[in-house]
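Just passing along the structure, written as C-alpha cells.
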Amino acid sequence: TVFSPRITLYYTNDTLVYVPTYNNIVYNIFNNKIEPRLKFDFGDKWIKEDIVYNSSLGENPLKFIETLKDQDFVYFFNELENSTHIYIDFYYKNDSYISIINKKDNKNTLIRLNKNNDFSIKPLSIYKDYFIIPVTTSESTKIINNNYKFKGKNKMFELNNKLQEENNPILMFVKFK
C-alpha cells in the first residue's frame, strides 16, 4: 500500500519493534503482548481515516499517489531506531523530511530534502549502533565529493575507484553523533 513503511519489523536491544501501516504509533512485540513504544505527534497533519480507508484507493492507485502531494498531511512515514538514535523519514506536501533524534540528550535534527539536495539515501536496517545504508557507486561519488566529514572517507574513495557497477550497492554502516 502507499502508506506502508519501508521497514515494518526490526530488532533493537533484543526487542522486536513493529511499525504498522496507517499508524503513527510504534509498538514493542513480546511473546504474550504488544505494547506501545513510541508515538509521533504530527498534530492535525497526520493522515485522516477517510483517506486511509477510501474504497477508491485500489481503482486508480497512480492518480491517488499524485493527489497525495497536494494534501495537508504526512505520508510515507518510516521509522528505525537503535540504542542511541531514532531515525524518521516522511513526506509532507511533496517534500521529503528526515528527522534524527538523539536519545541521550533528546535533540531532534529535522532536515527538509528537496530536488536540489543530493542526500536521498535512506537506512534499510540497523546493526548494533549502526544504521545500514545501501549506496550505489554514483551516490558514493556524490558523498565523497561533498564536504561531508566522516571516518574512513579515504578508504571509501579507494573502494569507489574500484567499483563501477551501479546495481551492486556498497553497504555503509553509519553511526550518528
Side-chain angles (χ1 to χ4, degrees), residues 1-55 57-58 61 64-65 67-69 71-113 117 119-136 139 143 148 150-152 169-177:
T1 64
V2 294
F3 299 104
S4 295
R6 206 171 32 255
I7 309 299
T8 55
L9 293 169
Y10 64 89
Y11 275 97
T12 186
N13 299 333
D14 296 328
T15 302
L16 182 60
V17 179
Y18 173 53
V19 183
T21 305
Y22 305 127
N23 206 329
N24 60 343
I25 300 173
V26 176
Y27 296 91
N28 288 333
I29 298 179
F30 301 104
N31 288 338
N32 59 348
K33 62 184 174 182
I34 297 175
E35 292 179 348
R37 178 181 188 89
L38 301 166
K39 179 175 182 178
F40 296 96
D41 185 4
F42 293 105
D44 66 344
K45 303 306 179 207
W46 186 248
I47 189 165
K48 314 242 180 327
E49 283 192 13
D50 58 334
I51 303 265
V52 171
Y53 299 106
N54 186 341
S55 61
L57 179 74
F64 182 76
I65 290 171
T67 61
L68 285 176
K69 297 174 184 177
Q71 302 304 312
D72 193 26
F73 56 77
V74 170
Y75 58 103
F76 294 114
F77 172 74
N78 296 288
E79 185 266 352
L80 268 176
E81 174 185 4
N82 65 17
S83 59
T84 61
H85 288 81
I86 299 170
Y87 168 92
I88 306 159
D89 67 81
F90 59 91
Y91 284 85
Y92 177 71
K93 292 211 176 239
N94 204 24
D95 284 324
S96 177
Y97 290 84
I98 294 174
S99 178
I100 300 168
I101 302 168
N102 185 326
K103 291 162 78 172
K104 183 178 180 182
D105 58 15
N106 280 330
K107 287 190 178 176
N108 183 358
T109 302
L110 181 66
I111 303 164
R112 181 175 149 235
L113 304 176
N117 196 314
F119 191 78
S120 61
I121 53 179
K122 301 186 185 209
L124 291 181
S125 184
I126 56 167
Y127 174 73
K128 297 184 180 179
D129 284 345
Y130 294 94
F131 290 87
I132 302 171
I133 303 175
V135 181
T136 63
E139 289 170 333
I143 293 169
Y148 300 123
F150 57 89
K151 187 178 177 181
I170 301 163
L171 294 181
M172 287 181 56
F173 287 70
V174 176
K175 185 186 250 187
F176 296 117
K177 289 188 173 189

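Just so we're clear, the structure is a prediction, and the values are computed from it rather than from any experiment. FYI, side chains are in, hydrogens and waters are out, and symmetry mates aren't considered; it's all heavy atoms of this structure. Residue numbers run from 1 in the order of the sequence given.
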Could you go through Asn82 and Thr84, starting from their C-alpha distance and side-chain angles, then the distance that decides it, and tell me whether this counts as side-chain hydrogen bond (donor to acceptor under 3.5 Å, both in side chains)? CA-CA 6 Å; Asn82 65 17; Thr84 61; 3.1 Å; yes
Pairing residues for Asp89 by the side-chain hydrogen bond (donor to acceptor under 3.5 Å, both in side chains) criterion, not counting sequence neighbours: Arg6, Asn78, Tyr87
Partner residues of Lys33 under the salt bridge (charged side-chain N to carboxylate O under 4.0 Å, His left out) criterion, sequence neighbours left out: Glu35
Check the pair Ser96 / Lys122 against side-chain hydrogen bond (donor to acceptor under 3.5 Å, both in side chains), numbers first and verdict last. CA-CA 11 Å; Ser96 177; Lys122 301 186 185 209; 3.1 Å; yes
Answer whether the closest heavy-atom distance between the side chains of Leu113 and Ile98 falls below 4.5 Å. yes
Rounded to the nearest 0.5 Å, what's the gap from NE2 on His85 to NZ on Lys107? Could you check? 10.5 Å
Check for me whether the distance between the ring centres of Tyr97 and Tyr91 falls short of 6.0 Å. no
Min side-chain heavy-atom separation Tyr10-Ile126 under 4.5 Å: yes
Start with the C-alpha gap between Phe40 and Val26, add the side-chain angles, then the distance that decides, and say whether side chain to side chain contact (heavy atoms under 4.5 Å, CB included) holds. CA-CA 8 Å; Phe40 296 96; Val26 176; 3.8 Å; yes
Counting only heavy atoms from other residues, nucleotides and ligands, does the tally under 6.0 Å from OH of Tyr130 exceed 12? no
Partner residues of Tyr11 under the ring pair (Phe, Tyr, Trp, His ring centres under 6.0 Å) criterion, sequence neighbours left out: none
Should the heavy atoms of other residues, nucleotides or ligands under 6.0 Å from CG of Asn32 be counted, would the total exceed 12? yes
Any side-chain heavy-atom pair from Ile132 and Pro123 closer than 4.5 angstrom? no
Would you find more than 12 non-hydrogen atoms of other residues, nucleotides or ligands less than 6.0 Å from Tyr127 atom OH? no
In the structure I gave you, are the side-chain heavy atoms of Phe90 and Asp95 within less than 4.5 Å of one another anywhere? no
I would like to know whether Leu9 and Val19 meet side chain to side chain contact (heavy atoms under 4.5 Å, CB included); could you show each step before the answer? CA-CA 6 Å; Leu9 293 169; Val19 183; over 6 Å; no
Could you list the residues that satisfy side-chain contact (heavy atoms from CB on, under 4.5 Å) with Ser99, not counting sequence neighbours? Ile88, Ile101, Asn108, Leu110
Ignoring hydrogens, what is the shortest heavy-atom contact between Leu124 and Pro134? Give both atom names and the distance. CD1-CG, 3.4 Å
Taking the side chain as every heavy atom from C-beta outward, state whether Phe30 and Leu16 have any pair of such atoms under 4.5 Å apart. no
Going by salt bridge (charged side-chain N to carboxylate O under 4.0 Å, His left out), name the residues that satisfy it together with Lys103, two or more places apart in sequence or in a different chain. Glu81
When you measure from the side chain of Asn102 to the backbone N and O of Lys104, does any donor-acceptor pair fall under 3.5 Å? yes
Taking only residues two or more places apart in sequence, or in another chain, which ones meet Lys39 in a side-chain contact (heavy atoms from CB on, under 4.5 Å)? Asn24, Ile25
Would a 4.5 Å heavy-atom cut-off, applied to side chains only, mark Ile34 and Asn28 as touching? no
